[in-house]
Protein chains: 2
Amino acid sequence: MNFTKTTEYAFRILSYMAKDESHLYNANELYENLKIPFRYLRKQLTLLSKAGLLISEQGKNGGYKIAKDLTTISLLDIVHATGANISGNACFFGFSNCALAEKCAIHDKWASIYENVNNVLISTNLAEFRKITNHEVLITNNKFINFKKD
Amino acid sequence: MNFTKTTEYAFRILSYMAKDESHLYNANELYENLKIPFRYLRKQLTLLSKAGLLISEQGKNGGYKIAKDLTTISLLDIVHATGANISGNACFFGFSNCALAEKCAIHDKWASIYENVNNVLISTNLAEFRKITNHEVLITNNKFINFKKD
DNA sequence: TTAATATAATACCTAAAGGTATCATTTATG
DNA sequence: CATAAATGATACCTTTAGGTATTATATTAA
Ligand code: SF4
Ligand code: SF4
């Protein structure tokens with residue numbers, strides 16, 4: 001249920017960049033709008049580039065843009081790009097092997113939730129975030145407002 | 001989706017103890033069956049006692065048993081007892097406040113998953129774990145087998 | 001060709017979760 | 001009472017996610 005902060009940042013970055021897929025966003029611009037700690041943001045941007053979700057252009061006037069057709073990037077792809085994975089253990093208790101003769105009280109309920117999460121993440125792609133207009137107002141309670149940039 | 005290890009341990013401990021609610025389990029017995037790192041297990045047991053989920057009896061022949069009627073302890077209660085909480089942020093992106101004019105592409109899907117999780121945790125109580133017969137075979141891949149106890 | 005401005009690489013620091021060690025306290029029992 | 005066997009309290013160590021700092025490299029444009 002709780003993604004890592006890193007994964008959340010990736011969601012924020014990519015859903016924001018989805019607003020204009022051809023625009024080259026630089027780290028400064030993203031920082032101004034997303035308020036992710038600047039240096040960490042930059043680190044994530046290069047990781048997302050290496051992971052193939054972003055294309056980076058170096059040098060003056062450089063920046064990043066989304067690497068592929070928005071419809072081909074699912075939220076699950078983003079999760080995977082950050083090294084996380086949802087699947088891990090389908091067992092509620094965290095066991096990777098269970099030799100119980102009968103399923104315990106929570107097994108089926110939990111499996112169904114897991115199935116649900118997986119479906120949502122797979123079936124939601126970045127193109128669906130194009131329609132967000134005023135994404136910048138999202139950031140209302142962050143504690144990074146006063147972080148110095150560099 | 002991923003509880004903390006501490007929360008998972010608490011689930012394991014309590015669902016195991018639910019097999020015989022009147023029996024006084026001591027840390028050794030629980031360790032043998034659950035293979036949670038011994039000293040950490042003991043720490044958790046005292047925390048669960050302080051949280052009111054367990055009753056502890058000190059001294060020789062002491063141990064722990066579940067404090068209340070099994071039907072009155074939900075899985076969500078266990079989550080809360082370990083200091084975690086599921087509710088936190090209902091926002092997929094982790095924002096605690098969102099001022100978007102319209103809901104984004106993931107909002108409703110995610111809210112429904114959250115609702116689902118919450119319902120399952122609230123509606124599943126410890127009494128439902130009484131019927132597990134051979135719970136000990138659960139532990140098939142732990143790395144604590146060789147931990148020395150004390 | 002040099003300065004400015006962007007990303008890349010790498011190493012290091014910090015905070016929190018997970019885990020360990022030590023000593024104190026409680027209780028049953030000989 | 002003395003000892004053994006249990007939990008309680010507290011402090012410390014370790015690992016990892018999150019975050020910071022420094023230096024290198026690429027690109028544009030005066
Ligand atoms: S039956 Fe229970 S313990 Fe076994 S894998 Fe399913 S949820 Fe886990
Ligand atoms: S609309 Fe989107 S960004 Fe806003 S709270 Fe819902 S999930 Fe979060």
Side-chain angles (χ1 to χ4, degrees), chain A residues 2-10 12-13 17 23-32 34-51 53-65 67 79 82-85 94 142-150, chain B residues 2-10 12-13 17 23-32 34-65 67 79 82-85 88 94 142-150:
Chain A
N2 29 351
F3 300 107
T4 64
K5 253 183 190 309
T6 299
T7 300
E8 282 181 8
Y9 289 163
R12 278 160 76 174
I13 292 167
M17 292 175 74
H23 179 60
L24 203 63
Y25 297 88
N26 65 38
N28 268 285
E29 182 178 1
L30 292 170
Y31 170 75
E32 294 303 334
L34 302 178
K35 302 302 182 191
I36 294 166
F38 187 68
R39 292 168 185 281
Y40 200 59
L41 169 64
R42 288 196 35 204
K43 188 193 266 182
Q44 283 328 113
L45 288 169
T46 67
L47 289 180
L48 290 172
S49 301
K50 282 189 183 174
L53 291 190
L54 297 181
I55 287 174
S56 77
E57 290 187 16
Q58 295 189 45
K60 190 167 180 177
N61 302 331
Y64 307 84
K65 62 182 173 187
V79 171
T82 61
N85 79 329
N142 73 81
K143 40 178 180 272
F144 303 118
I145 285 284
N146 295 320
F147 276 29
K148 48 182 185 311
K149 262 191 43 225
D150 223 13
Chain B
N2 30 351
F3 300 107
T4 64
K5 254 183 189 309
T6 299
T7 301
E8 282 182 8
Y9 288 163
R12 278 160 77 173
I13 292 167
M17 292 174 74
H23 179 60
L24 203 63
Y25 296 89
N26 65 38
N28 268 284
E29 183 178 359
L30 291 170
Y31 170 76
E32 293 303 333
L34 302 178
K35 302 301 181 191
I36 295 165
F38 187 68
R39 292 168 186 281
Y40 199 60
L41 169 64
R42 288 195 38 204
K43 189 191 265 180
Q44 283 328 112
L45 288 169
T46 67
L47 288 180
L48 290 172
S49 301
K50 283 190 184 171
L53 291 190
L54 298 181
I55 288 173
S56 77
E57 291 188 14
Q58 296 189 46
K60 190 167 181 175
N61 303 330
Y64 307 85
K65 61 183 175 188
V79 171
T82 61
N85 79 330
N142 72 82
K143 40 178 181 271
F144 303 119
I145 285 285
N146 295 319
F147 275 30
K148 47 182 184 313
K149 262 192 43 225
D150 224 12

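No hydrogens, no waters, no symmetry mates; every other heavy atom, side chains included, goes into these values. Lettering follows sequence order; numbering is per chain, from 1. All values derive from a computational prediction rather than experimental measurement.
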*With a non-hydrogen cut-off below 4.0 angstrom, is A:T6 in contact with a base, only sugar-phosphate, or nothing?*
sugar-phosphate
*Please identify each residue that fulfils side-chain hydrogen bond (donor to acceptor under 3.5 Å, both in side chains) with A:T82, with sequence neighbours left out.*
A:T7
*Rounded to whole angstrom units, what separation is found between the CG atom of A:L41 and the P atom of D:dA17?*
20 Å
*Below 4.0 angstrom from OP1 or OP2 of D:dA17, is there any side-chain N or O of A:Y40?*
no
_Can you tell me if A:R39 touches the phosphate of D:dG19, counting only side-chain N or O atoms and a distance under 4.0 Å to OP1 or OP2?_
no
_Distance, nearest 0.5 Å, that separates OG1 of B:T6 from CG of B:L47_ = 9.0 Å
*Rounded off to whole Å, could you give me the CZ-to-P distance for the B:F38 and C:dA21 pair?*
12 Å
_From A:R42 atom CZ to A:I36 atom CD1, the distance as rounded to the nearest 0.5 Å_ = 14.0 Å
_Worked check of side-chain contact (heavy atoms from CB on, under 4.5 Å) between A:N61 and A:L24_ = CA-CA 9 Å; A:N61 302 331; A:L24 203 63; over 6 Å; no
*Would you indicate which nucleotide in D:dA9, D:dT7, C:dG19 comes nearest to any side-chain atom of B:K50?*
D:dA9
_Nearest 0.5 angstrom please: A:K50 NZ to A:L48 CG, how far?_
11.5 Å
Filtered N/O pairs between nucleotides 12-16 of chain D and protein, under 3.5 Å:
none

*OP1 or OP2 of D:dA6 sitting under 4.0 Å from any side-chain N/O of B:S56?*
no
*Would you mind reading off the distance between A:Q44 atom CD and D:dT20 atom P, rounded to a whole angstrom?*
12 Å
*Figure out the OH/C1' separation between B:Y31 and D:dA6, and round it to whole Å.*
18 Å
*asked:* Whether B:K5 engages the ring of B:F3 as a cation-pi pair (distance to the six-membered ring centre under 6.0 angstrom, angle to the ring normal within 45°) should be assessed.
replied: no
*When the distance from NZ of A:K5 to P of C:dA16 is rounded to whole Å, what number comes out?*
11 Å
*CG-CG distance between B:L45 and B:L53, expressed to the nearest 0.5 angstrom*: 11.5 Å
*Taking CD1 from A:I55 and P from C:dA8, how many angstroms apart are they, rounded to a whole number?*
12 Å
*Roughly, in whole Å, what's the span from CG in A:L47 to P in D:dG18?*
12 Å
*For D:dG8, does OP1 or OP2 lie under 4.0 Å from any side-chain N or O of B:Y64?*
yes
_Testing the basics here: between A:Y9 and A:P37, what is the closest heavy-atom pair and its distance to 0.1 Å?_
OH-CD, 3.8 Å
*Would you mind building the protein contact string for nucleotides 24-30 of chain D? One character per nucleotide, 5' to 3', B for base within reach (heavy atoms under 4.0 Å), S for sugar-phosphate only, - for untouched.*
--BBBS-
_Residues which pass side-chain contact (heavy atoms from CB on, under 4.5 Å) with B:E29, listed by chain and number, not counting sequence neighbours_ = B:H23, B:Y25, B:N26, B:N33
*Within this structure, what is the CG-to-C1' distance between A:N26 and C:dA8, rounded to whole angstrom?*
15 Å
